[in-house]
Amino acid sequence: MAGHGGDVIAELTADHREVDELFEQIEQIAPGSAERKRLLDQLTIELVRHSVAEEEYLYPAVREHLENGDALADKELADHARVEQLLKDLQTTDADDLEFTRLLVNLKTEIFAHVRDEEDNLFVQLREGCHPFVLENLGTKVRHAKKTAPTRPHPAAPDSPPANKLLAPGLGLVDRIRDYVTGRGQ
């Protein structure tokens, strides 16, 4: 997920469409295929980067700018925790294992529900509750965060500031080195 430009809502919505596309590609590949696992690695990279950027910048803004922002952000973070655990479980499951397919279906269900909630609820509230300048600034911050974010799930890592902003770039560097050495995401 390269930076798309625009405000935070446009940026994250474009990411959502890329995730939809990756799921479609995965579903077209026969179960057990190495190509399916490769596409899942790419999906994982994109989802982790996206989630980290949201956790670093979007959800703190939700807490600050929206009525009932704490509850909204907490719900989104709980969604992320479930997705991150599914991604971690998928990383350690062979593509030809039936459990892989079950986990993949669960992941898609979680992701689609989360995306639908963000786009139909959270983003609408942000558009109404934040000045366009704030949304543009958040878009810039999210794009930058995705460049340095981890590429592998780290379910035990902190998901709220300031710890996540301090740890994410270091985890991201380690993950990108591991990805380079192993050829993951190439």
Side-chain angles (χ1 to χ4, degrees), residues 1-56 58 75-124 139 142-155 157 159 168 171-172 174-186:
M1 264 176 230
H4 304 286
D7 69 17
V8 69
I9 295 169
E11 180 72 24
L12 296 175
T13 300
D15 286 355
H16 293 166
R17 297 299 77 81
E18 287 186 19
V19 166
D20 291 345
E21 204 172 289
L22 282 166
F23 271 116
E24 285 178 23
Q25 290 176 28
I26 290 169
E27 289 172 345
Q28 293 174 10
I29 305 293
S33 161
E35 178 64 6
R36 203 168 199 213
K37 187 74 166 180
R38 187 194 69 74
L39 285 169
L40 176 70
D41 283 344
Q42 188 61 42
L43 178 67
T44 299
I45 290 167
E46 304 308 342
L47 285 171
V48 170
R49 286 178 179 165
H50 176 91
S51 294
V52 166
E54 285 184 335
E55 291 166 7
E56 286 184 12
L58 179 67
K75 185 220 172 287
E76 300 298 329
L77 289 169
D79 290 352
H80 281 202
R82 286 190 305 277
V83 165
E84 195 150 8
Q85 189 57 57
L86 286 167
L87 290 170
K88 186 73 170 172
D89 294 345
L90 275 160
Q91 266 194 336
T92 60
T93 306
D94 291 331
D96 59 355
D97 188 329
L98 287 176
E99 181 69 0
F100 184 89
T101 300
R102 187 190 69 75
L103 289 167
L104 190 58
V105 168
N106 288 347
L107 177 66
K108 182 178 178 180
T109 301
E110 285 285 339
I111 293 294
F112 278 34
H114 178 76
V115 165
R116 196 169 34 257
D117 182 54
E118 276 190 345
E119 292 182 5
D120 295 346
N121 180 31
L122 186 64
F123 291 174
V124 172
V142 162
R143 277 186 291 284
H144 182 268
K146 288 191 301 184
K147 290 178 186 175
T148 61
T151 62
R152 297 168 184 263
H154 298 278
D159 59 10
L171 287 173
V174 171
D175 285 354
R176 284 188 302 283
I177 290 169
R178 286 177 63 200
D179 291 346
Y180 177 78
V181 169
T182 63
R184 179 177 178 264
Q186 305 292 321

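What you see below is based on every heavy atom in this structure, not just the backbone, and it leaves out hydrogens, waters and symmetry mates. Here the structure is a predicted model, which is why all the values come from computation and not from measurement.
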Colleague: Write down the atom of Ala95, the atom of Lys37, and the distance for their closest heavy-atom approach.
Modeller: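 Smallest heavy-atom distance, with atoms named: CB-CB, 4.1 Å.
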Colleague: Just to verify, what does Arg102 make a salt bridge (charged side-chain N to carboxylate O under 4.0 Å, His left out) with, not counting sequence neighbours?
Modeller: Glu99
Colleague: If I take atom CG from residue Leu107 and atom CD from residue Glu110, how far apart are they, to the nearest 0.5 angstrom?
Modeller: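 Answer for the CG-CD pair, Leu107 versus Glu110, is 8.0 Å.
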Colleague: At what distance, to the nearest 0.5 angstrom, does CG of Asp96 lie from CZ of Arg36?
Modeller: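 It comes to 11.5 Å.
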Colleague: Taking only residues at least two apart or on different chains, which pairs with a member in residues 84-108 satisfy ring-ring contact (aromatic ring centres under 6.0 Å, His included)?
Modeller: none
Colleague: Out of curiosity, Leu12 CG to Glu54 CD, how far, rounded to the nearest 0.5 Å?
Modeller: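 Answer for the CG-CD pair, Leu12 versus Glu54, is 5.0 Å.
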Colleague: Can Val83 and Leu87 be said to form a side chain to side chain contact (heavy atoms under 4.5 Å, CB included), step by step?
Modeller: CA-CA 6 Å; Val83 165; Leu87 290 170; 4.0 Å; yes
Colleague: Indicate the ring-plane relationship of Phe123 and His16, choosing parallel, tilted or perpendicular according to the 30° and 60° boundaries.
Modeller: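 Judged by the thresholds at 30° and 60°, the geometry between Phe123 and His16 is parallel.
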Colleague: Nearest 0.5 Å, what's the CD-CG distance between Glu76 and Asn121?
Modeller: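 Glu76 atom CD to Asn121 atom CG measures 8.0 Å (nearest 0.5 Å).
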Colleague: Who passes salt bridge (charged side-chain N to carboxylate O under 4.0 Å, His left out) against Asp20, sequence neighbours left out?
Modeller: Arg17
Colleague: Restricting to non-hydrogen atoms, name the atom on Leu90 and the atom on Leu104 that form the minimum distance, rounded to 0.1 Å.
Modeller: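 The answer is CD2-N, 4.0 Å.
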Colleague: For Lys146 and Ala53, work out which heavy atoms get closest and say how close.
Modeller: CG-CB, 3.7 Å
Colleague: Taking side chain to side chain contact (heavy atoms under 4.5 Å, CB included) as the criterion, tell me which of Asp97, Thr93, Leu98 meets it with Leu103.
Modeller: Thr93
Colleague: Roughly how far, to the nearest 0.5 Å, is CD1 of Ile111 from CG of Asp79?
Modeller: 9.0 Å
Colleague: Scan the side chains in residues 26-33 for donor-acceptor partners under 3.5 Å anywhere in the protein, sequence neighbours excluded, and list what turns up.
Modeller:
{"unit_1": "Glu27", "atom_1": "OE1", "unit_2": "Lys108", "atom_2": "NZ", "d": "3.2"}
{"unit_1": "Glu27", "atom_1": "OE2", "unit_2": "Lys108", "atom_2": "NZ", "d": "2.4"}
{"unit_1": "Ser33", "atom_1": "OG", "unit_2": "Glu35", "atom_2": "N", "d": "3.0"}

Colleague: Working to the nearest 0.5 angstrom, can you tell me the gap between Lys147 NZ and Arg49 CZ?
Modeller: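 Nearest 0.5 Å value for the NZ-CZ distance: 11.0 Å.
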Colleague: Holding to salt bridge (charged side-chain N to carboxylate O under 4.0 Å, His left out), I want the full list of residues that pass it with Asp117, two or more places apart in sequence or in another chain.
Modeller: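 Counting only residues at least two positions away or on another chain, Asp117 forms a salt bridge (charged side-chain N to carboxylate O under 4.0 Å, His left out) with Lys75.
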Colleague: Can you sort out the partners of Glu118 under salt bridge (charged side-chain N to carboxylate O under 4.0 Å, His left out), two or more places apart, ordered by chain and number?
Modeller: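 By the salt bridge (charged side-chain N to carboxylate O under 4.0 Å, His left out) rule, Glu118 matches no residue at all.
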